[in-house]
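Below is one structure, written out as structure tokens, with a few remarks after it.
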Number of protein chains: 2
Amino acid sequence: MRDFNKKLRVLLIDDNANHLRGIKELITLETNYSVVGATRSANLGINLIKKYHPDVVLMDINMPEKDGLQAIQAINKMELQTKVVVLSGYDDADLVYRAMKLGARGYVLKTMASVKLIDAIEDVSEGKIYLPAALSTRFFEYFQSSAREEASKAEGENLLNTLTIRESEVLELLTQGVNYKSIAGTLIISETTVKTHVNNIFQKLQVNDRTNAVLYALSHGFKPSNKSAAMTAA
Amino acid sequence: MRDFNKKLRVLLIDDNANHLRGIKELITLETNYSVVGATRSANLGINLIKKYHPDVVLMDINMPEKDGLQAIQAINKMELQTKVVVLSGYDDADLVYRAMKLGARGYVLKTMASVKLIDAIEDVSEGKIYLPAALSTRFFEYFQSSAREEASKAEGENLLNTLTIRESEVLELLTQGVNYKSIAGTLIISETTVKTHVNNIFQKLQVNDRTNAVLYALSHGFKPSNKSAAMTAA
DNA sequence: ACTTATCTAAACCTAAAGATTGAGAAATCA
DNA sequence: TGATTTCTCAATCTTTAGGTTTAGATAAGT
């Protein structure tokens, strides 16, 4: 994964000039690292990344400003091999979660020992994810609580379970925005039969129109149960 | 978090009787652990958990069978303090991802040294998440690739961006399943004006009816831009 | 001053959707 | 066998949705 003959090329982004200097000194003390750039602007940093294709980007993130997160996303959209390590003063669960979600490969707190920063750069450059235990735990708890919310939707007394097989097939086509005529054609039944099914669906889902039926289905984890082709219909 | 005066109460679930014995011996060698139960059945294990409220559950997961994952979910639904550590022969990214999503607090491979298992139990009982570096990296790459898929929906040439403010307000109400009359009432404009807006929306989103407009909005990350009340409308 | 975009509204029309009632055929269940 | 469910279809009706044209008022940009 890593070629030890070449120096790791690191780029620094931190809006605080003092931090920037400090980190730069810290990094340059390491014999096998070279700082290819250091800037206080996220936008400028992105341009430098385009030019120099660094191995690792150390990116400072300040809570109130949203630029940092957007920058992470922008960097990963470039599809380079550049790995992003977040350097933040905040161990906020949501911030850690979003940073990782947007493609960060490491997250280091400013309060941590500077050697951790070197560890992070080292790990990340080797393809690993660097997330200290405390942050990792926070991340996963956030992750799991988000998942629980989603799961709870698909549960409860789900009116979708009262639908018959045929009604589910009709509802699936409804969720694809298909009109009566096309549904009838797809299921090879008459249009009036489709209307009957749809009306039964409405009663069971306690709605009055197809839009609300579709919204109910989508928000309650409706999954097409059958093996139908599910082709795009006009 | 952890009271060192009391022994950690551990429950084992593994459908392989030999593994079960082996792990039981391993655990009981540790002076501050006590095995409160050991079973080969996931369902039986869940009942034992209800009875004994163990601190940690060691759960074996075999790839083909889905029982293990469901058991994890079932255990976490109980809202106990019981932490689940997965013991698996598979380092499949999807399996790791789903196990953690469903509430597992640790994941250990059978190929790992047995001391890792003790580490996992120890960490997890203290409220930490235990995920070895290699698995952690896999998890995050899976997590990030999933997130990228979602994000790509909200990007691209998004026809939603062509909507005016007023049209977005109307579309928001459409995505709540509101009809013309109610939209007119909410926005305090005439019904014909609403129709005009809706028709313009249809043209811009290249659809022919409200259901497809709503489906387009939901699948392209439509976010209500304004500060409207967004109350539930009949 | 001129143009363009946006929001508003009406009138008119067609098409589609939704509500209701009734009913036959087949399958399943008690 | 009798009862129930499900799937099928028709006829009729009301309501809503959707398409089109036209146009006034306002605001913003050139």
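Lettering of chains follows the sequences in order, A, B, ..., and the numbering in each one begins at 1.
Put simply, the side chain of Ser182(A) never gets that close to the backbone of Asn179(A): no donor and acceptor are under 3.5 Å apart. Of the possible donor and acceptor atoms, none in the side chain of Lys83(A) sits under 3.5 Å from a partner among the backbone N and O of Val124(A). Listed for the Arg138(A) side chain is a donor-acceptor partner under 3.5 Å among the backbone atoms of Asp91(A). Not a single donor-acceptor pair under 3.5 Å links the side chain of Asp60(A) to the backbone N or O of Ile13(A).
The bend of the helix from dA1(C)-dT30(D) to dA30(C)-dT1(D), defined by the angle between the axes of its first five and last five pairs, stands at 50° to the nearest 10°.
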Scan the side chains in residues 99-107 of chain B for donor-acceptor partners under 3.5 Å anywhere in the protein, sequence neighbours excluded, and list what turns up.
unit_1	atom_1	unit_2	atom_2	d
Arg105(B)	NH1	Glu141(A)	OE2	3.3
Arg105(B)	NH2	Glu141(A)	OE2	3.1
Arg105(B)	NH2	Gly127(B)	O	2.7
Tyr107(B)	OH	Ser88(B)	OG	3.3
Tyr107(B)	OH	Tyr90(B)	O	2.8

Using distance only, find each side-chain donor-acceptor pair of residues 190-197 of chain B under 3.5 Å and give its atom names and separation, not counting sequence neighbours.
unit_1	atom_1	unit_2	atom_2	d
Ser190(B)	OG	Thr192(B)	N	3.4
Ser190(B)	OG	Thr192(B)	OG1	2.9
Ser190(B)	OG	Thr193(B)	N	3.2
Ser190(B)	OG	Thr193(B)	OG1	3.0
Thr196(B)	OG1	Thr192(B)	O	3.0

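Each of Val57(A), Val36(A), Asn43(A), Leu11(A) was evaluated against Leu48(A); a single residue qualifies, Leu11(A), per the side chain to side chain contact (heavy atoms under 4.5 Å, CB included) test. Residue Phe143(A) forms a ring-ring contact (aromatic ring centres under 6.0 Å, His included) with just one option from Tyr142(B), Phe140(B), Phe139(B), and that option is Phe139(B).
Within a 6.0 Å radius of NZ in Lys24(A), other residues, nucleotides and ligands contribute 12 heavy atoms or fewer.
Contacts of Arg40(A) classified as side chain to side chain contact (heavy atoms under 4.5 Å, CB included), with partners at least two apart in sequence or in another chain: Ala17(A), Leu20(A).
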Mark up nucleotides 7-28 of chain C, 5' to 3', with B wherever a protein heavy atom is under 4.0 angstrom from a base atom, S wherever such an atom reaches only the sugar-phosphate, and - elsewhere.
-> SBBB------BBBB--------
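Nucleotides of DNA chain D lying under 4.0 Å from heavy atoms of chain B occupy a range whose first and last members, 5' to 3', are dA17(D) to dT20(D).
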